[in-house]
**Student:** 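One structure, pasted below without further comment.
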Amino acid sequence: MAIERVREFLKKHDAAIEPIVYEEKMHTSEEAARVLGVEIGQIAKSILFRTNDDAYGLFVASGDIRIDSKKVKSLIGGKKQKMASAEEVEEVTGFKPGAVCPFALQQEIPIYIDELLHRFDVVYTAAGIPESLLPISPQKLVQITQGSTVKLAKEE
């Protein structure tokens, strides 16, 4: 089970961090924020992008922003970038769309973490299943994913 893979990863990196399992599924940042009673920006959504030559990058963005496609292009390269299909998400990450945890991935890929997540002491990522969220500090998220902190927000 996907959440068990997340728990095993956490045992090795920080056993004090534990996913929270809820009764209801949360497929969007808005749903998760409502269930938790927090700002949408505290929900860290994980979106997998791919290039035309099958390079991937996982972008972990604050729930209240739109990711700038120019940033995606500059970070993962390729001639054309797009969001990965549901099948690609499962193949590369090992998680279903809407439940992608930014670590314990099936394949090793670059991870880019939105600098705006650092506005908060605690953010919440998916933890492998739609009913689960993982409270974590942005600093710890960067550390355990070995991700790069970058500006992902599209300029308005």
**Student:** Indicate the atoms forming the closest heavy-atom contact of D68 with K70, along with that distance.
**Tutor:**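 Nearest pair, atom of D68 first, then K70: OD1-N, 2.8 Å.
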**Student:** Look at the side chain of D114 and the backbone N and O of S62, then say whether any donor-acceptor pair between them is shorter than 3.5 Å.
**Tutor:** yes
**Student:** Under a 4.0 Å N-O cut-off, is there an ion pair linking E8 with K11?
**Tutor:**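 Yes, charged N to carboxylate O under 4.0 Å.
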**Student:** For E4, is there an ion pair with R7 - N to carboxylate O distance below 4.0 angstrom?
**Tutor:** yes
**Student:** I want to check a possible cation-pi pair here: R5 against F95, using under 6.0 Å from ring centre and within 45° of the ring axis as the test.
**Tutor:**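 Judged by the rule, R5 and F95 form a cation-pi pair.
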**Student:** Is there a path from I144 to I113 through hydrophobic residues (I, L, V, M, F, W, Y) whose side chains come within less than 4.5 Å of each other?
**Tutor:** yes
**Student:** For a salt bridge (Lys or Arg N to Asp or Glu O under 4.0 Å) with R50, tell me which candidate from E87, E88, E91 qualifies.
**Tutor:**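 Passing option: E88.
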**Student:** Just verifying a value: how many Å separate E90 CD and S85 OG, rounded to the nearest 0.5 Å?
**Tutor:**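 Spacing of CD (E90) from OG (S85) equals 9.5 Å.
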**Student:** For G128 and A2, which heavy atoms make the closest approach, and how far apart are they?
**Tutor:** O-CB, 3.3 Å
**Student:** Can you see which heavy atom on I129 is nearest to which on A99, and at what distance?
**Tutor:**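 That closest heavy-atom pairing would be C-CB, 3.6 Å.
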**Student:** Which distance, rounded to the nearest 0.5 Å, do you find between the OG of S148 and the CZ of F59?
**Tutor:**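 Going from the OG atom of S148 to the CZ atom of F59 covers 10.0 Å.
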**Student:** Can you confirm whether D121 is buried at CG, in the sense that more than 12 heavy atoms of other residues, nucleotides or ligands lie under 6.0 Å from that atom?
**Tutor:** no
**Student:** Hey, is R119 close enough to E39 for a salt bridge, meaning N to O under 4.0 Å?
**Tutor:**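 Looking at E39 together with R119, the answer is no, because their closest N to O distance does not fall below 4.0 Å.
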**Student:** Centroid separation under 6.0 Å, is that true for the rings of Y56 and F49?
**Tutor:** no
